[in-house]
Amino acid sequence: MPSIIVHGGAGQWANADEAAVLAGVEQAARAGWEVLRAGGTATDAVIAATVVLEDHPLFDAGYGSFVNAEGEVEMDALLCDGANFNFGAVAGVRRIANAIQLARIVLEKTPHCFFVGDGADALAAAHGLEIIPNINLVTPKEYALFHERWAAGHTAPRTGLGTGTVGAVALDAQQRIVSATSTGGTPDKPKGRVGDCPIYGSGGYADDHLGGTSATGQGENIMRTFLCKNAVDHMQTAAAQAAIRQAVETLAARIPNPEAGLIGVDAQGRLGAYHSTAAMPIAWVTAEGTLSSAMRYTGQFG
Ligand code: GLY
């Protein structure tokens with residue numbers, strides 16, 4: 001039976017308008033669920049959900065991305081297809097609204113898996129995605145913050161902002177599992193820095209026989225433990241929730257202050273979510289069609 005889960009990023013989310021954040025993740029889950037309910041594919045469902053979050057100013061992806069140290073947005077995205085161990089990834093993308101749509105183009109329209117930088121933006125143009133000025137990806141709030149910091153001579157990256165990468169994982173009626181992950185990266189990152197998001201097995205992973213996952217949080221830590229692949233491997237013997245918790249706890253046991261979050265679906269349609277951070281907004285729709293959301297994992301999926 002189809003199901004979908006989305007996340008809006010693991011972090012502190014201090015002083016966040018939680019009602020607005022939850023409305024955002026619910027809107028994304030609903031968009032994905034409408035696709036599944038109409039008999040659509042898991043790929044179409046996770047793309048629909050992720051585009052909602054990329055277009056939403058409260059989430060660190062697309063419009064809403066943090067700027068890098070030079071005041072520019074550089075986005076990464078990954079789409080993983082569980083049918084045949086295939087993926088499309090992009091990194092350092094600067095001139096399109098929806099990096100996840102470009103990841104899909106890489107997966108479906110090229111014989112390659114990963115494009116970066118100007119070449120990725122050129123691929124987007126060649127396939128008809130609209131090319132936009134980078135500044136269009138910067139919210140007025142982020143623009144003001146950058147100029148404030150610049151004027152004050154701050155060079156250290158902002159910490160504790162507590163929003164994060166977005167993602168979605170879906171199982172469709174044909175038992176296909178697809179995961180999507182998209183990010184604007186960490187605040188004030190050095191130009192050219194890439195985190196876990198577009199790294200296959202780290203920022204996302206899917207295997208129709210086991211399950212799929214999407215990660216969020218401190219990318220360097222997540223990459224070091226192949227967090228998403230690790231969790232799906234645990235699904236050989238555990239349901240999604242236990243597998244995901246085990247993967248995050250393994251990371252936390254070995255790497256201090258991991259700041260990681262993970263969502264997923266197993267091949268039986270069971271959902272999972274866990275985070276080491278104060279919060280991670282999630283929304284999900286079960287096979288019965290019930291939409292739910294939570295700012296923090298509560299141990300219940302109903
Ligand atoms: N998880 C997103 C990043 O570290 O860039």
Side-chain angles (χ1 to χ4, degrees), residues 6-13 25 46 50 53-54 56 58-70 72-80 87 89-94 98-100 102-103 114 116-117 120 137-138 142 156-169 179-205 213-231 244 247-248 251-252 255-264 273-282:
V6 310
H7 69 77
Q12 298 303 313
W13 288 96
V25 287
V46 296
T50 305
L53 295 167
E54 286 179 333
H56 198 301
L58 287 181
F59 301 101
D60 175 25
Y63 180 65
S65 292
F66 291 118
V67 296
N68 66 16
E70 300 185 13
E72 200 175 32
V73 167
E74 292 180 303
M75 301 168 294
D76 312 321
L78 172 65
L79 184 68
C80 299
F87 72 96
V90 295
V93 174
R94 293 176 299 148
N98 299 107
I100 197 63
L102 184 54
F114 205 155
V116 302
L137 296 161
V138 183
E142 181 69 359
R158 291 166 283 171
T159 55
L161 287 178
T163 68
T165 301
V166 306
V169 188
S179 99
T181 312
S182 180
T183 192
T186 51
D188 314 313
K189 63 186 178 183
K191 184 175 174 63
R193 175 268 182 193
V194 177
D196 62 300
C197 170
I199 308 299
Y200 186 55
S202 294
Y205 189 69
T213 44
S214 168
T216 164
Q218 200 0 277
E220 282 72 10
N221 293 343
I222 293 168
M223 276 191 274
R224 289 158 69 193
T225 56
F226 308 104
L227 187 64
C228 281
K229 171 76 163 75
N230 204 355
I244 280 171
V248 174
L251 168 58
I255 299 177
N257 197 20
E259 292 184 33
L262 196 55
I263 59 166
Y274 200 70
H275 53 97
S276 70
T277 51
M280 179 178 74
I282 55 174

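Every number for a ligand or one of its atoms is a count from 1 in the order of the listing. Quantities reported herein were computed from a predicted structural model and do not represent experimental measurements.
- With hydrogens and angles left out, the side-chain atoms of T183 and T165 include a donor and acceptor closer than 3.5 Å.
- In this view, K229 and D233 satisfy the salt bridge (charged side-chain N to carboxylate O under 4.0 Å, His left out) rule, not counting sequence neighbours.
- Partners of R193 according to the salt bridge (charged side-chain N to carboxylate O under 4.0 Å, His left out) rule, which considers only residues two or more places apart in sequence or in another chain, are E220.
- Judged as a side-chain contact (heavy atoms from CB on, under 4.5 Å), and not counting sequence neighbours, the contacts of E70 are N68, K191.
- For the residue pair E259 and T277, no side-chain donor N or O sits within less than 3.5 Å of a side-chain acceptor on the partner.
- The contact shell of ligand 1, taken as protein residues with any non-hydrogen atom closer than 4.0 angstrom, comprises T165, T183, G185, T186, R193, G195, D196, G217, G219.
- A side-chain N or O of T181 and one of S214 form a donor-acceptor pair less than 3.5 Å apart.
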